[in-house]
Amino acid sequence: MTKPTIGIIGAGKLGTTLGKLLVDADYPVLISGSGSTDKIALTVSVLIPGAQAVTNAELANQADIVVLALPLSKYQEIDSELLKGKLVIDAMNYWWEVDGLDNIYSDEEQSSSEKVQAYFQDSTIIKAFNHMGYHNLSDDARPDTPDNRKAQIITGDDQEAVKVVETIVETIGFTPLYIGDLKNGVILEPGSPLFGASLGVEETQAIVDEELEKV
Ligand SMILES: NC(=O)c1ccc[n+]([C@@H]2O[C@H](COP(=O)([O-])OP(=O)(O)OC[C@H]3O[C@@H](n4cnc5c(N)ncnc54)[C@H](OP(=O)(O)O)[C@@H]3O)[C@@H](O)[C@H]2O)c1
C-alpha cells in the first residue's frame, strides 16, 4: 500500500529527527523551515537524505499529513487555510526559553493542542511526538522488532485520525499509547513527569493514570 506523504513544518532538531525515521520507514517526506528552501536544503540533504526541502505552501499543497515541529509561539505564522481538511500532528510544546515567559499557549485549563485546534479549526489535530526528547526519539526507535519498544503518547478527539497516527508511530518503531482527547495533553506538558520520558508502555501508562487523576 502506498504510504501517505508526510510534511514536516520545522526543520530543526525534532523535525529532522522525525523526518529521518519516516524516510527510513519509506514514507515520502517533505520538510519546510521559516524561509526559503535554500536555507534548509543542505541540512535536509545531509540529515534526511531522501526527504525534499519545500516551502510551507508547497508542503501544505502536497502533503497528506502535516506535522507541526516548529516553536509553539510560531504556529500562527502558518495560514490556517493552508492546512484546511488535513490531519495535522501537533508535536509542539510550550518552552519558555523559546516561546517567552508569558505562557499564553498552555494552562491548566486547556492543553496547548486545544488552542492549536481552535486556530486550525478546519484541520484535525492529533497530539503526538511531543513528550519524548529528540535524542530518545532517534536512539530508542525500534522499527525492526516489536520487543522492548518505548511508548509514544497520543491524544486526539477524532478516532479515525488517531488510528492513522498510531500506524505511523508503530511503523517507525514505537508503541502508540492513546490517552484520550486533546484536553488530556495537559499531562504531557513541561513540568509533568511524562515530559521528556522515554519509557515502556506499562511504566508510561502507570504515570498517565496518576497524572490524569490530578486533572
Ligand atoms: N527538541 C526536542 O527534543 C523536542 C521534542 C519534542 C517536541 N519538540 C517540540 O518541537 C518543536 C520544535 O522544537 P525543536 O527543538 O526542533 O526546535 P528548533 O530546533 O529550534 O527548530 C524549530 C524549527 O522551526 C522552524 N520554524 C520557525 N518558524 C517557522 C515557520 N513559520 N514555518 C516553518 N518553520 C518554522 C525553524 O526555522 P528557522 O531556524 O528558520 O527559524 C526551525 O527549523 C517545539 O515546539 C518543541 O517544543 C521538541
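Counting starts at 1 for both ligands and their atoms, following the listed order.
- Near Leu72, with a cut-off below 4.0 Å to any heavy atom, the atoms of ligand 1 are 45 (O).
- Nearest protein neighbour of atom 12 (C) of ligand 1, counting heavy atoms only, is Ala69 O, 3.3 Å.
- Every pair tested for salt bridge (Lys or Arg N to Asp or Glu O under 4.0 Å) that includes a residue from residues 139-151 fails, sequence neighbours excluded, so the list is empty.
- The shortest contact between atom 42 (C) of ligand 1 and any protein heavy atom is with Gly12 N, 4.0 Å.
- For Asn56, every heavy-atom contact with ligand 1 shorter than 4.0 Å involves the side chain, none the backbone.
- Taking every heavy atom of Phe129 and a limit of under 4.0 angstrom, the matching atoms of ligand 1 come to 6 (C), 7 (C).
- Comparing Thr16, Ile9, Leu14 against atom 4 (C) of ligand 1, the shortest heavy-atom distance belongs to Leu14.
- Remark: minimum distance from atom 33 (C) of ligand 1 to any protein heavy atom is reached at Gly33 O, 3.0 Å.
- Both the backbone and the side chain of Ser34 come within contact range of ligand 1, each with a heavy atom under 4.0 Å.
- Within a 6.0 Å radius of NZ in Lys74, other residues, nucleotides and ligands contribute 12 heavy atoms or fewer.
- Note that CG of Leu188 and CD1 of Ile207 are 11.0 Å apart. Values are rounded to the nearest 0.5 Å.
- Looking only at distances, no side-chain donor or acceptor of Tyr94 sits under 3.5 Å from a matching main-chain atom of Glu189.
- Heavy-atom contacts of Ala91 reach the following atoms of ligand 1: 7 (C), 8 (N), 9 (C), 10 (O) (cutoff under 4.0 Å).
- Of the heavy atoms in Met92, both backbone and side-chain atoms come closer than 4.0 Å to ligand 1.
- Looking at Lys39 next to ligand 1, an N or O pair under 3.5 Å apart turns up.
- A distance of 7.0 Å separates CG in Asn130 from OG in Ser112, rounded to the nearest 0.5 Å.
- Taking the six-membered ring for Trp and thresholds of 30 and 60 degrees, Tyr75 and Tyr119 have ring planes more than 60 degrees apart, a perpendicular arrangement.
- Listed by number with element, the atoms of ligand 1 under 4.0 Å from a non-hydrogen atom of Pro71 are 22 (C), 24 (O), 27 (C), 45 (O).
- A distance of 6.5 Å separates CD in Gln117 from OG1 in Thr124, rounded to the nearest 0.5 Å.
- In the vicinity of Gly133, heavy-atom distances shorter than 4.0 Å reach the ligand 1 atoms 3 (O).
- Selection from Lys74, His131, Lys13 by nearest heavy atom to atom 18 (P) of ligand 1 gives Lys13.
- Considering only non-hydrogen protein atoms, atom 31 (N) of ligand 1 sits nearest to Glu77 OE1, 2.6 Å.
- The protein reaches atom 44 (C) of ligand 1 closely, with a heavy atom under 4.0 angstrom from it.
- By the criterion of a heavy-atom distance under 4.0 Å, neither the backbone nor the side chain of Tyr94 is placed next to ligand 1.
- Electrostatic pairing of Lys163 and Glu166 does not count as a salt bridge here, judged by no charged N lying under 4.0 Å from a carboxylate O.
- Residue Ile126 is tested with Leu182, Val165, Ile168, Asp90 for a side chain to side chain contact (heavy atoms under 4.5 Å, CB included); the sole match is Val165.
- Residue-ligand proximity, Asn130 to ligand 1, at heavy-atom distances under 4.0 Å covers atoms 6 (C), 7 (C).
- With values rounded to the nearest 0.5 angstrom, Gln205 atom CD is found 8.5 Å from Leu212 atom CG.
- Heavy atoms from other residues, nucleotides or ligands lying under 6.0 Å from CD of Gln159 number more than 12.
- Scanning all protein heavy atoms for the shortest distance to atom 46 (C) of ligand 1 gives Asn93 N, 4.0 Å.
- Lys214 places no side-chain N or O within donor-acceptor distance of the main-chain N or O of Ile187, the cut-off being under 3.5 Å.
- Atoms of ligand 1 found under 4.0 Å from any heavy atom of Gly10, numbered from 1 in the order shown, are 23 (C), 24 (O), 25 (C), 34 (N).
- Both the backbone and the side chain of Tyr134 come within contact range of ligand 1, each with a heavy atom under 4.0 Å.
- Annotation: the span from Lys3 atom NZ to Thr167 atom OG1 amounts to 10.5 Å, rounded to 0.5 Å.
- Between Met132 and ligand 1, a contact under 3.5 Å exists for no N or O pair.
- Note that atom 24 (O) of ligand 1 has protein non-hydrogen atoms nearby, at separations under 4.0 angstrom.
- Cluster annotation: Met132 is not connected to Ile179 through the hydrophobic network of ILVMFWY side chains, with a link wherever side-chain heavy atoms come within less than 4.5 Å.
- Within the set Leu59, Leu70, Leu68, the minimum heavy-atom distance to atom 30 (C) of ligand 1 is found for Leu70.
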